[in-house]
Amino acid sequence: MAITKWDGTSDAAHILEVLLLFIDDDDLELAKTTSYGDFGKYLQKHYRSCGAGNSQYSAIGKGNKCEVTLKQQRITYELTWNKAAKLLHRHLHGERK
């Protein structure tokens, strides 16, 4: 399966769902009070070598990036922690692109 750099919009709803499974609820609370840039740095520090998944999705922290696999779509996206933080931040603050 090829790895595609995430463009910030493709399959955003699925990627958000994976990230919400992957990131601890306590860490999501932190996102509500920090900028997405600072939250991205936090995610990179704490999730750089973590992984999680289920029958539909998986997420793996790989240093300064995260790989999100959408198993049914047979695609793996590579995204920076900053992009992941921005997507989570928008979700938590009710913003839509």
Side-chain angles (χ1 to χ4, degrees):
M1 190 176 317
I3 298 173
T4 303
K5 287 188 179 182
W6 188 52
D7 60 12
T9 57
S10 300
D11 291 313
H14 292 295
I15 291 173
L16 176 61
E17 189 172 342
V18 177
L19 292 172
L20 289 171
L21 291 172
F22 183 57
I23 307 297
D24 289 337
D25 289 342
D26 291 340
D27 294 335
L28 292 175
E29 287 299 316
L30 177 67
K32 293 178 182 178
T33 60
T34 60
S35 69
Y36 75 81
D38 288 342
F39 188 56
K41 291 174 188 172
Y42 175 86
L43 291 176
Q44 180 177 338
K45 181 178 178 183
H46 288 88
Y47 291 93
R48 65 182 317 130
S49 60
C50 294
N54 60 25
S55 62
Q56 295 179 328
Y57 311 115
S58 67
I60 300 171
K62 292 193 170 189
N64 63 350
K65 303 212 185 301
C66 176
E67 288 182 3
V68 173
T69 300
L70 309 178
K71 296 175 183 177
Q72 291 178 343
Q73 289 87 340
R74 296 179 181 235
I75 189 165
T76 297
Y77 288 109
E78 176 185 85
L79 56 149
T80 64
W81 287 113
N82 197 46
K83 280 190 176 183
K86 189 172 187 177
L87 181 62
L88 288 164
H89 208 260
R90 281 188 178 137
H91 169 72
L92 293 170
H93 292 278
E95 299 172 24
R96 298 289 178 237
K97 189 172 179 181

Starting at CG of Leu87, measure out to CG of Leu16 and round the result to the nearest 0.5 Å. 5.0 Å
Closest heavy-atom pair, Trp81 versus Gly63, reported as atoms and distance to 0.1 Å, is NE1-O, 3.0 Å
In Å, rounded to the nearest 0.5 Å, how long is the span from OG1 of Thr33 to CZ of Phe39? 9.5 Å
Pair listing, salt bridge (charged side-chain N to carboxylate O under 4.0 Å, His left out) test, anchored in residues 24-34, at least two apart: Glu29-Lys32
Are any of the side-chain heavy atoms of His91 and Leu20 separated by less than 4.5 Å? yes
Look at the aromatic rings of His93 and His89 and report parallel, tilted or perpendicular, splitting at 30° and 60°. tilted
Is there any salt bridge (charged side-chain N to carboxylate O under 4.0 Å, His left out) pair reaching into residues 61-76, and which pairs are they, with sequence neighbours excluded? Lys62-Glu67
So if you build clusters from Ile, Leu, Val, Met, Phe, Trp, Tyr with side-chain heavy-atom gaps below 4.5 Å, do Leu92 and Tyr36 land together? no
From CG (Asp38) to CG (Leu30), nearest 0.5 Å: 9.0 Å
Mind listing the side-chain donor-acceptor pairs of residues 51-61 below 3.5 Å, one per line with the distance, residues two or more places apart or on another chain?
from: Asn54; atom 1: OD1; to: Gln56; atom 2: N; distance (Å): 2.8
from: Asn54; atom 1: OD1; to: Tyr57; atom 2: N; distance (Å): 2.9
from: Tyr57; atom 1: OH; to: His14; atom 2: ND1; distance (Å): 3.1
from: Tyr57; atom 1: OH; to: Glu17; atom 2: OE1; distance (Å): 3.2

Please report the closest heavy-atom contact between Ile15 and Ser10, naming both atoms and the distance. CD1-O, 3.8 Å
State plainly whether one hydrophobic cluster holds both Ile3 and Trp6, where clusters connect Ile, Leu, Val, Met, Phe, Trp and Tyr through side-chain heavy atoms under 4.5 angstrom apart. no
If you apply the rule side-chain contact (heavy atoms from CB on, under 4.5 Å), what do you find for Asp11 with Tyr77, and how did you get there? CA-CA 9 Å; Asp11 291 313; Tyr77 288 109; 2.5 Å; yes
Evaluation steps, side-chain contact (heavy atoms from CB on, under 4.5 Å), between Leu88 and Leu43: CA-CA 11 Å; Leu88 288 164; Leu43 291 176; 4.2 Å; yes
Distance col, row Leu19:CG vs Lys83:NZ, nearest 0.5 angstrom, shows 13.0 Å
Verify the distance criterion only: is there a donor paired with an acceptor across the side chains of Thr9 and Asp7 at less than 3.5 Å? yes
